[in-house]
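Computation of the quantities below employed the complete heavy-atom set of this structure, encompassing side-chain atoms and omitting hydrogens, waters and symmetry-equivalent molecules. No experiment lies behind these values; they were computed from the predicted model shown.
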There are 2 protein chains.
Amino acid sequence: MPVELTASQALGLWHAVSLEQVRHDGRDLSLRQLAILLEVYLVPPPHTVRGLAERLGVTKPVITRALDTMGEQGLVDRSRDERDRRNVLVKRTVDGALYLEKLGDLIIGRGRALTS
Amino acid sequence: MPVELTASQALGLWHAVSLEQVRHDGRDLSLRQLAILLEVYLVPPPHTVRGLAERLGVTKPVITRALDTMGEQGLVDRSRDERDRRNVLVKRTVDGALYLEKLGDLIIGRGRALTS
DNA sequence: CGATGTCGTTACGCTAGCGTATCGTTGCAC
DNA sequence: GTGCAACGATACGCTAGCGTAACGACATCG
């Protein structure tokens with residue numbers, strides 16, 4: 001089942017998902033935060049602050065701040081790398097996995113609704 | 001060509017697009033701002049502050065502030081409704097259309113790349 | 001050892017955005 | 001006209017996030 005989108009369908013999908021997310025997500029994650037979250041959960045570990053900063057093309061304090069916020073919300077976890085104690089490893093959480101699972105369901109649902 | 005996504009593909013698409021957007025968009029629109037922009041461009045006019053607020057489930061000052069910012073960036077325009085001068089009509093701009101066109105292309109491109 | 005470099009974090013001043021409450025303007029019904 | 005409702009914008013105090021520059025902790029290499 002190929003992912004073939006017209007320009008109109010692509011924007012329509014983004015529209016529907018964004019709208020639903022704004023309406024029903026109290027968290028209101030920024031695009032940067034969401035990108036970090038997806039990176040951590042979809043790309044094999046390890047994930048470091050430095051690595052994430054390079055990947056997103058932002059500075060390190062941006063990552064630290066985002067991890068502060070998302071850590072308080074239980075979406076990610078941080079722990080020292082015992083092999084090199086300068087590093088901090090960003091780890092997944094149950095709540096984070098649940099959050100992205102719901103987002104995935106939302107995208108699929110809205111994508112299906114586009115063709116009906 | 002149906003829009004059929006697996007859960008993994010859906011999140012992968014969101015991941016790729018978010019990443020690209022964070023890396024190459026100096027604007028860094030919030031999810032709310034993007035939702036407003038898509039609403040204005042994909043739903044037939046007229047668009048009022050009140051209407052957008054109800055549609056997104058947020059308060060009116062949220063919309064006013066978002067329109068301030070996006071107005072400065074040339075993504076949307078505001079003008080008084082001459083038929084009922086209490087209303088403000090949110091209008092599209094060339095720059096805004098261009099911005100969403102590029103976003104659409106990005107989504108399509110990343111969607112296609114998912115299946116290759 | 002000490003010197004140097006690399007981590008992630010923090011400090012600083014600043015801007016943007018938030019919610020609540022209120023404001024001035026405009027429409028409308030009486 | 002006068003009262004009242006609806007519209008969008010503004011004021012207020014506050015939080016979150018920003019970029020730049022520094023910091024302490026740790027590793028590495030001579």
Exercise. Using atom types as modelled and distance alone, determine if a side-chain donor or acceptor of A:R80 lies under 3.5 Å from a backbone N or O of A:L89.
Key: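 Answer holds: no.
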Self-check item: Among C:dT26, C:dT20, D:dG8, the one nearest B:T48 by side-chain distance
Solution: D:dG8
Quiz item: NA contact type, B:R65, heavy-atom cut-off 4.0 Å: base, sugar-phosphate, or nothing?
Solution: base
Quiz item: What is the nucleic acid contact for A:S30, judged by heavy atoms within less than 4.0 Å: base, sugar-phosphate only, or nothing?
Solution: nothing
Quiz item: Between A:T59 and D:dC18, does any side-chain N or O lie under 4.0 Å from OP1 or OP2?
Solution: no
Quiz prompt | Sugar-phosphate, base or nothing in reach of A:Q33, heavy atoms under 4.0 Å | solution =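 Here A:Q33 touches the backbone only, sparing every base.
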Quiz item: Can you check whether A:V40's main-chain N or O pairs, donor with acceptor, with A:H47's side chain at less than 3.5 Å?
Solution: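 Checking the backbone N and O of A:V40 against the side chain of A:H47, a donor-acceptor pair under 3.5 Å is found.
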Quiz item: Nearest to the side chain of B:V49, which nucleotide is it out of D:dG8, C:dT9, C:dG19?
Solution: D:dG8
Exercise. Counting heavy atoms from C-beta on, name the nucleotide in D:dG8, C:dT25, D:dA27 closest to the side chain of B:T64.
Key: D:dG8
Self-check item: Candidate nucleotides D:dG17, D:dC26, C:dG27, ranked by approach to the side chain of A:R85 - the nearest
Solution: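 Within the option list, the nearest is D:dC26.
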Practice problem: Find the distance A:R27:CZ to D:dG17:P and express it as a whole number of Å. | Solution: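 Result: 14 Å.
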Practice problem: Let me know, please, whether A:D28 or A:G51 comes out on the 5' side of the other along DNA chain C by nearest nucleotide. | Solution: A:G51
Self-check item: Nucleotide of D:dC26, D:dG8, C:dT26 approaching B:N87 most closely (side-chain heavy atoms)
Solution: D:dG8
